[in-house]
Structure formats: structure tokens, C-alpha cells
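Everything on this sheet refers to the single structure shown next.
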Amino acid sequence: MAAHKKTDAATEAGGAGAVGSDDYALSRVPREKRLGFWTMLLQWLAQSGSISQFTLGATIGVGMSFGDAFLAFTLGAVILEVVIFAIGLAGMREGLATPLLTRWVGFGRNGSALVSLVISISLVGWFGVQNTIFGDSVSSLVGGPSWLWCAVAGVAITVLVIFGFRYMAVFAKIVTPLFFAMVAWSVTDALSEHSLSELIHSPAPGQAIPLSVAATAIAGGYMTGAIVSPEMTRYNRKGSHVFLQSASSMILSEYIVGLTGVLLGHMVGSGQVSQIVLSTSGVFGVLVVLMSTAKINDWNLYGSSLGVVNFFQVVFGKRLHRGAVTIALGVAGTVLSAVGIMTHFTDFLSVLGVAIPPVGGIIVAEYWVVRRMRAPLDATREAGTLPAVSPTWVPMSLVIWAVAFCVGKFYDGGIPALNSLLTAFVLYSVLGLAGWIRTYGTTTLDDADDTAPSQAAPGTAPVGA
């Protein structure tokens, strides 16, 4: 019995001799490996806790009244929740992350490689950018060179992500309650010297911000995270959990954190409110805030690693271990952030931010409306295996993706990320129901694809978290 348990433990870690956990990078997450409601809820809430969300709220508050800001956050929250639930529910049902899901939902095997590449570059890019911000912030607060703090943060996050979802969940359980307890104390202390009623009813202290611009900042800023929500929801047990947890995250992030930031913006007349939170918290508070920032950034690295694994498997026929991929991406992102290069790529990453939402629109349209490609997933879902074959190409999906990107990039009205997503959803739904979206070729799933790169003893549980 002891030997069997040891074998299972090694298998869950990614196979004997493997580095970290493979986390079912190229397979479904088995039902028995899904996590409970409260564990997953804390993972969702951890994505809500960051100083950047207070800063966003304060920036909006400088240019809007509290009532108008409430409408902007409501619009942004509703848009995000609809997208997250529609895509996240598909991820939960299938137990698949976004890159692998797209093989049978909208893009085919080869198209999924392109999706994986775009998502991976975007997420690892933002990992580097956030790491740079992290290092600069610590340097200004406690001294020391920024590159050193970038290196410390990058290494720490990389080590955490190597070991996968379960360790990230444990970290969230520790950091999330501490962050919100500390922030509640700091903000309450800051606001106690002012009349809450006056702050709520006071006019915007700065130049007016249109509702559309504010909603764009709120919804567009997290749209990429919404598209890759299956990376998290594949570990959920029930669809109701996906809705309750994501909605709780939206309420906390937009209505509590965001609107508190609006009040702080009215109070100081500026979007620079991070010092309000940090100044009354001491060294412990600074540490908690920085840990919470790391907790958000670990998802950038995690999602990127899943995309790279799928890309290499499709394009080069090589099954990489997710832990090893995490090391390579983490080192690259950390080094580039430490030398100050990543901040020069923010414009390019913003372009990718418009390219990713159409992927979500196509996923939702195919999985919930057209339903021409998902039949193999339906047939194998109960068994917990992957379909034996997948479409090779879906050319029309790539055309729709390109058109939707152009709409999001070059049309000035509305919310760019939402414009591109809706364009993709409408075009795919109409053309798909009309029978104009067809698959070309089929690719057999090699038996090696659904196993880990480092094999455990025969008869043991599948590799994963």
C-alpha cells in the first residue's frame, strides 16, 4: 500500500524524475481531481486583490461622479461575467484549458497552435511587465536596485508555478484573506477622517471621463483573463460553482475594490492612491500587498506554460513537460524584466489584447450555438478521455478571427475588446448555422499525446495536479 501511494504521488507530480506538476496540460482534468468550492473561491478572489484595481478606481473617480462610476463598473462587471461564465462553463464541462479546448471548439488542431502562440506570448509578456512594476515598486519603497527585486519576484513566482495549480491554491488561501484584511484596515483609517456622504455626492475633481472610456478600461483590461478562464474552471466540479465564484470575484473586484478606489480618488483628487494603502500598513502590509501582486502574476505564467505545451505538441510533435516549460518562460520573463526591456513591449501586448477576445467569441459561438465540432467531446466526456481525432483546419475561423481583430483594432466606437469578441461571435454563429464553416482534414490523436512526458508505472493514475 505504501509503495502504491508513493507511485501515485510521483505520478501526480508529473512522473518520476519530472520537475513540478504537468497539471493535465494535454488531457482532461479527471472528475476525482477537481477541487472544492471554497478552495476555488479563494483562487477567484485572489484575482480581485491588487493595488492596481484601487488605482483604476481612483483614476476613474477623478473624472466621474460616484454614480457614473457605479454605472461604468456595473457595465464592465456584467460584460466580464457573461464572457467568463460562457467560456468558463465550457472549460468546466470538458476539463480542458483554452489552448486544448480550441482543437475541438472552433479552430481545429493546427488553428489551436496559433491560438496557443498568441495567448502564450501575451501572458508571458504581461508576466514580465508586471514583474517590472513589482520590482520598481519594491525598490521605491524599501530601496535596493529594481533589477534585484525583479529577479527575486520572478524566481519566487516561477518556483510556485512549477508545482502547479494545487500549490497556487494553497498560496491563495494564505495571501487573499491577509490582503483584504490589511486593505480594509488601511482604507477605513484613511476614509474615517472624511465624510463618506460628501465623497459619494462630490463632483469629479478632474477632467470628465466618458462612460464608454471608463467601461473600456474596466472590461477591456481583464478581457484576456476572461478568455483563458478555463485554465481555472477546469478544476471546478459544478457549473453553479463557476458562476458563484466568478460573480463573487466580479463583485469584490469591481464594486468593492473599484468603487473604494473611486472614493479615494475623490478624496485626494488623483489616481495615485497606492501610498494611502501602503503608508498605514507598515512593513507587514507592504509584504502582503506585494505577495498579492505575485498571486495575480502567477496566472500569467501558468496560462502561458499551458499554451506553449500545446503549441509544441501540435507544431513539432514533441510533448514537453509543463514544469520544464514554466522554468524556461519564468527565466526569460524574469531576465527581460530585470534588464528593463519588457516595458517597451506594452504597445505590442496591447495589440495582442485585442487579438485574444475573438478567440472567446468563436469558442462561445461554436460550443453553445453552432455545436458542429463539439460532438467528439460530448462522446468522450463521461469517460474522461480525449477524442481519438480532431479536425486539422477550420479556415473560416481564421478569417473570422482576422476580421474581428480588425474591427477591435480600427473601429473607434465602443469597447475594442468587446467589439472584437462580439464580431467573432456573431460572424461565427451566422456562418456556422448557415453551414459555411467547415473543417478540413482530421488528425489522429497519438496515444503518446495523452500521457505525460515522464511515465510512471503502468496502471497508476494519470499525470496531473
Side-chain angles (χ1 to χ4, degrees), residues 22 24-30 87 90-120 227-228 230-231 234 306-320 322 358-404 424-425 427-453 462-464:
D22 197 49
Y24 308 100
L26 289 177
S27 62
R28 296 180 188 263
V29 176
I87 299 176
M92 183 282 301
R93 282 166 52 88
E94 306 304 338
L96 298 175
T98 300
L100 194 57
L101 182 66
T102 55
R103 290 194 191 185
W104 294 274
V105 184
F107 289 89
R109 179 184 172 91
N110 292 351
S112 77
L114 185 57
V115 171
S116 298
L117 182 63
V118 172
I119 289 177
S120 297
I227 302 307
V228 298
E231 273 73 342
R234 66 197 180 116
L306 293 174
V308 169
V309 169
N310 185 63
F311 176 81
F312 268 81
Q313 199 278 334
V314 172
V315 176
F316 301 106
K318 185 171 181 59
R319 174 63 159 87
L320 301 180
R322 194 202 60 82
V359 174
I362 291 172
I363 291 175
V364 174
E366 167 57 39
Y367 194 87
W368 297 110
V369 180
V370 179
R371 305 177 66 173
R372 295 278 178 88
M373 293 176 58
R374 59 171 268 189
L377 291 176
D378 294 336
T380 56
R381 186 182 307 122
E382 190 66 27
T385 61
L386 288 178
V389 297
S390 65
T392 303
W393 284 107
V394 189
M396 187 58 73
S397 292
L398 301 181
V399 173
I400 292 172
W401 189 5
V403 171
F425 173 79
L427 286 177
Y428 192 99
S429 297
V430 172
L431 296 179
L433 292 174
W436 289 11
I437 295 179
R438 300 176 181 177
T439 62
Y440 290 85
T442 58
T443 303
T444 301
L445 184 70
D446 190 334
D447 290 338
D449 293 351
D450 202 23
T451 58
V463 175

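- By the 4.5 Å heavy-atom criterion applied to side chains, L306 and R234 are counted as neighbours.
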Distance-only donor-acceptor hits, side chain of residues 361-370, under 3.5 Å, sequence neighbours excluded:
{"residue": "E366", "atom": "OE1", "partner": "Y428", "partner atom": "OH", "Å": "2.7"}
{"residue": "E366", "atom": "OE2", "partner": "R372", "partner atom": "N", "Å": "2.9"}
{"residue": "E366", "atom": "OE2", "partner": "M373", "partner atom": "N", "Å": "2.6"}
{"residue": "Y367", "atom": "OH", "partner": "R93", "partner atom": "NE", "Å": "2.8"}
{"residue": "Y367", "atom": "OH", "partner": "E94", "partner atom": "OE2", "Å": "2.5"}
{"residue": "W368", "atom": "NE1", "partner": "A86", "partner atom": "O", "Å": "2.8"}

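- Nearest heavy atoms, I437 versus G432: CD1-N, 3.7 Å.
- With sequence neighbours excluded, the residues forming a side chain to side chain donor-acceptor pair (under 3.5 Å) with T380 are R28, listed by chain and number.
- By the ring-ring contact (aromatic ring centres under 6.0 Å, His included) test, F312 pairs with F316, sequence neighbours left out.
- A ring pair (Phe, Tyr, Trp, His ring centres under 6.0 Å) check over residues 370-391, counting only residues at least two apart or in different chains, returns nothing.
- The CD1 atom of I119 lies 10.0 Å from the OG atom of S112; values are rounded to the nearest 0.5 Å.
- Separating the CZ atom in R103 from the CG atom in L96 is a distance of 9.5 Å, to the nearest 0.5 Å.
- No side-chain heavy atom of Y440 sits under 4.5 Å from any side-chain heavy atom of P391.
- With a 4.5 Å cut-off on side-chain heavy atoms, L386 and L100 count as touching.
- Residues L320 and Q313 have side chains not in contact (no heavy-atom distance under 4.5 Å, counting atoms from C-beta outward).
- Between L101 and A90, the closest heavy-atom pair is CD2-CB, 4.3 Å.
- In terms of the side-chain contact (heavy atoms from CB on, under 4.5 Å) criterion, residue partners of V399 (sequence neighbours excluded) are, by chain and number, M396, V403.
- With sequence neighbours excluded, no residue forms a side chain to side chain donor-acceptor pair (under 3.5 Å) with T102.
- Here the side chains of V315 and L117 are not in contact, with every heavy-atom distance at 4.5 Å or above.
- Across P99 and S116, no two heavy atoms sit closer than the pair CB-OG, 3.2 Å.
- Legend: side chain to side chain donor-acceptor pair (under 3.5 Å) pairs involving residues 387-402, not counting sequence neighbours, sorted by first then second residue: T392-T443.
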Worked check of side chain to side chain contact (heavy atoms under 4.5 Å, CB included) between D22 and R319: CA-CA 11 Å; D22 197 49; R319 174 63 159 87; 2.6 Å; yes
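- Residues V359 and F107 are in side-chain contact: their nearest non-hydrogen atoms beyond the backbone lie under 4.5 Å apart.
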